[in-house]
Chemist: 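To start, I am sharing the structure in question, which I have written as structure tokens.
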Amino acid sequence: MLGHFNSIIAMAANAANQTKLPMAATDSPNLTNDENGPKKTTFQSCKATSVATNCDPRTNLPDLKWLGLYYVIYIGAGTLSFLALRNHIRGKKTNDFIDSLYMSVVTMTTVGYGDLVPHDFLSQLVCTGFITVGMLLFGIVVKLAAKYLVFKQQKVLINALHTARKMGPMEALNEIESIEIDYTKCIISLIAMAVHFVIGVFVLVNVEGMEIEDAVYCACTTMTTVGFGDESFSSEFGRMFGVLWIFTGTSCLGQLFLYVAEVYTDIEAKKLVKWVIASNIIDKKDFEAADNLEKGKVHGAADFILYKLKEVRKIKQEDISCAMKDVGVDDRSVFDVIPAQSSEKK
């Protein structure tokens, strides 16, 4: 899992840098569909240019290095502690060091077979502290995953707004609509989990001597961290293999969950980007529609705002009437409540 989050930190750092640049390139929060604007480019090319500008995969890597160091110290301390308390731990034992490392990994990944357990106050106290610290470290991993998803959504939004100002909002909406959600990572992760599952079943059958149905059952309860404990690794080689297999298996499951959350984030980010760009478009036809309501007159900004508010049903004519009565203005149409400008002044 630590190797996977290496890419998370780099992508989050890129997104954090990009949030500062595109906003400075605009003078107004509204987008206009101006025919005299810049020449059309593609959404993908604008996005690639923006990403390349601030791409530094080494940014924030010290955070990941510290997290890896914490886990190494955590596993090492747990192994040495369980090794020192080996006489206070009951269960089927093989090699003292392998059993201690095996118990540390099983506890850290929350599999908890129960084949090796503390049986007095001192060992139970050490296990309690070990479990608590492990949950705190897992919280850091969850924070990194959340940070990655949030920054990725921000990156998509900022790049889309920047692109809309370069190529026009209507063209940007068409380009965004044509972009498909990528499910490749989820598929690859599922394939990796399937291969990992088959390898585990193979070892359980040929090394631990389990029946095929028991091996499938044990592999399933292990990778999902249920770990009932009625079936587990009991040989010296099996536990050596289990240390690596359990850690990578639970990591694969967590990685799959992250990729599923990433796909859902991409879907929601696409909806958000389309809504933001569409809600900020002020098209020429809107101004023309406002002007045509009163022949020979050109209306000001206040008239147009009232017109748009009524059009999207945010206010009613009755609301305007009440407000006009308070200021002593006759109740007429939306564009009569405020004197229109002369067409000669346009």
Side-chain angles (χ1 to χ4, degrees), residues 7-57 59-60 143-185 258-290 301-302 304-305 307-309 311-314:
S7 60
I8 293 180
I9 297 300
M11 295 178 70
N14 295 339
N17 290 334
Q18 287 174 358
T19 56
K20 300 178 181 178
L21 292 180
M23 298 303 292
T26 180
D27 296 328
S28 172
N30 290 331
L31 304 173
T32 57
N33 191 23
D34 191 356
E35 296 177 354
N36 297 324
K39 293 183 179 179
K40 178 179 178 180
T41 58
T42 63
F43 180 79
Q44 296 290 353
S45 63
C46 293
K47 183 177 179 180
T49 303
S50 180
V51 172
T53 304
N54 295 284
C55 184
D56 185 4
T59 306
N60 280 344
K143 184 201 75 170
L144 294 177
K147 181 179 179 181
Y148 164 62
L149 294 176
V150 170
F151 276 140
K152 183 174 182 180
Q153 190 174 37
Q154 291 177 344
K155 179 182 69 174
V156 172
L157 177 59
I158 295 300
N159 283 336
L161 292 175
H162 183 56
T163 302
R165 293 185 177 96
K166 295 179 67 176
M167 60 185 289
M170 297 304 298
E171 291 80 1
L173 284 175
N174 293 332
E175 291 286 343
I176 294 170
E177 186 66 31
S178 65
I179 297 177
E180 297 182 355
I181 302 299
D182 187 9
Y183 295 93
T184 305
K185 291 182 180 179
L258 177 65
Y259 287 153
V260 171
E262 184 178 0
V263 168
Y264 179 77
T265 301
D266 290 342
I267 294 174
E268 294 302 315
K270 184 177 179 180
K271 293 179 181 178
L272 177 63
V273 167
K274 290 168 61 178
W275 179 82
V276 170
I277 294 179
S279 63
N280 282 278
I281 293 177
I282 301 177
D283 210 318
K284 289 183 177 180
K285 64 181 181 181
D286 295 323
F287 291 102
E288 294 172 357
F304 181 74
I305 292 172
Y307 167 73
K308 294 301 293 183
L309 287 174
E311 185 181 51
V312 298
R313 298 182 180 179
K314 294 297 184 181

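Count residues from 1 along the sequence.
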Chemist: Report the distance from atom OG1 of T265 to atom CG of L272, rounding to the nearest 0.5 Å.
Modeler: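 Going from the OG1 atom of T265 to the CG atom of L272 covers 11.5 Å.
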
Chemist: Report yes or no: does K270 contribute a side-chain atom to a donor-acceptor pair with the main-chain N or O of I181 at less than 3.5 Å?
Modeler: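 No, K270 side chain to I181 backbone: no donor-acceptor pair under 3.5 Å.
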
Chemist: To the nearest 0.5 angstrom, please state how far the CG atom of L149 sits from the CD atom of Q154.
Modeler: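 Those atoms lie 11.5 Å apart.
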
Chemist: Can you sort out the partners of K271 under side chain to side chain contact (heavy atoms under 4.5 Å, CB included), two or more places apart, ordered by chain and number?
Modeler: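 K271: side chain to side chain contact (heavy atoms under 4.5 Å, CB included) contacts with I267, E268.
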
Chemist: State, yes or no, whether a side-chain contact exists between D266 and K152 at a heavy-atom distance under 4.5 Å.
Modeler: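 In contact.
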
Chemist: Provide the closest heavy-atom pair for Y148 versus K185 in the form atom of the first, atom of the second, distance.
Modeler: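 Closest approach of Y148 to K185, heavy atoms only: OH-NZ, 3.8 Å.
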
Chemist: For T184, enumerate each residue passing the side chain to side chain contact (heavy atoms under 4.5 Å, CB included) test, keeping only those at least two apart in sequence or located in another chain.
Modeler: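 Partners of T184 under the side chain to side chain contact (heavy atoms under 4.5 Å, CB included) test: D182, I188.
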
Chemist: Between atom NE2 of H162 and atom CD1 of I158, what is the distance when rounded to the nearest 0.5 Å?
Modeler: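 If I round to the nearest 0.5 Å, the distance is 10.5 Å.
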
